[in-house]
Amino acid sequence: MRRALTAPVLMWLALSGLVAGCTGKDDVTVDDSADDTSSGGDDTSSGGDDTSTERPETTAAGNIDLRDGTLTGTVAIAKAFSFYSNRQTFIYASSNPAATCDIIAELFDPRGDVVDKNDLFLPGHCNLTFTYVGAPPLAEYDIQTMSGAVQNAQCAYGEGSWVYDSQATFPDYYWSGDYYEAASWKGTFDISFLAEGEDDLVLNLALREWEGTFPYSSDRPGEHKASGRVDGVIVTEHCEGLDETGWF
């Protein structure tokens with residue numbers, strides 16, 4: 001089998017929260033061939049003369065493809081969940097419309113049960129996470145030049161499913177195909193409140209480049225770069241259950 005299990009599947013997030021601002025941008029080569037345009041300009045959530053309080057739509061979509069051309073992944077965010085304190089802000093955005101706050105909270109609860117991730121991922125798609133040291137709001141954040149926040153992608157490449165492996169070093173559900181975890185090193189995003197007095201958040205994002213690993217694969221060792229465009233808006237639901245993670 002291709003897995004080389006070395007750590008629990010959610011260890012990457014605990015580490016990313018600790019190293020926010022230390023993403024190793026000096027170790028990567030800037031690819032100026034990517035079109036670094038902003039996603040701004042189409043956000044009309046204020047509605048002008050429209051006094052409706054209708055909730056804005058999540059539109060964030062794009063692709064995260066390995067630079068060697070072997071694997072392609074789609075981003076089509078359908079559900080997103082967030083929690084924050086004065087110490088930290090965390091957002092999880094899933095391409096699977098079946099994702100729920102309960103699933104996310106259970107996934108990251110260190111005392112929780114093993115989670116079936118088939119309701120969290122879609123085959124051939126990527127999910128996104130955002131971690132920020134501090135409470136929202138966060139003005140436009142440039143990943144390449146600023147510190148204090150980190151954006152990660154998790155891609156379940158190809159066709160497959162999440163299968164429980166009781167014989168693994170860490171028994172859990174593992175993707176039967178190629179699973180990729182990477183940090184973005186080029187792009188921008190911001191975080192604001194959906195409305196005054198509410199805890200739900202809104203992100204505007206324009207992401208371009210990622211670098212990461214296949215953490216449970218011996219077939220793809222080392223670091224792998226990915227490129228693509230992920231643009232649009234993410235509207236989150238406040239997920240009180242994430243308070244159980246202990247990060248906040």
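- Counting heavy atoms from C-beta outward, His125 and Val75 have side chains that stay 4.5 Å or more apart.
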Criterion salt bridge (charged side-chain N to carboxylate O under 4.0 Å, His left out) on Asp65 and Lys225, from CA distance to verdict: CA-CA 9 Å; Asp65 305 337; Lys225 291 184 179 181; over 6 Å; no
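- No close placement of the Tyr84 and Phe90 rings is indicated, their centers lying 6.0 Å or farther apart.
- With a 6.0 Å radius and a threshold of 12 heavy atoms from other residues, nucleotides or ligands, Glu57 has its CD atom at or below the threshold.
- Relative orientation of the Phe121 and Trp162 rings is tilted, given thresholds of 30° and 60° on the angle between their planes.
- Side-chain atoms of Leu205 and Phe130, non-hydrogen and from C-beta on, do get closer than 4.5 Å to each other.
- Put simply, the side chain of Val235 reaches to within 4.5 Å of the side chain of Thr58, judged on heavy atoms.
- Judged by the 6.0 Å and 45° rule, Arg87 forms no cation-pi pair with Phe248.
- Clustering ILVMFWY residues whenever any of their side-chain heavy atoms sit less than 4.5 angstrom apart, transitively, puts Leu122 in a cluster other than the one holding Leu107.
- Dense packing is recorded around CG of Asp68, with more than 12 heavy atoms of other residues, nucleotides or ligands lying under 6.0 Å away.
- Using bins of under 30°, 30° to 60° and over 60° for the plane-to-plane angle, the ring pair Phe189/Tyr141 lands in the tilted bin.
- Relative orientation of the Phe214 and Tyr157 rings is tilted, given thresholds of 30° and 60° on the angle between their planes.
- Defined by atom type and a distance below 3.5 Å, a donor-acceptor pair is missing between the side-chain atoms of Ser184 and Glu209.
- Residues Lys117 and Gln154 form no side-chain contact, since every pair of their non-hydrogen atoms from C-beta on lies 4.5 Å or further apart.
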Test side chain to side chain contact (heavy atoms under 4.5 Å, CB included) applied to Ile64 and Val230, step by step: CA-CA 8 Å; Ile64 300 176; Val230 179; 4.1 Å; yes
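- Using a 30° and 60° split on the angle between ring planes, Tyr92 and Phe108 fall in the tilted class, from 30° to 60°.
- The closest side-chain heavy-atom distance from Leu128 to Gln151 is below 4.5 Å.
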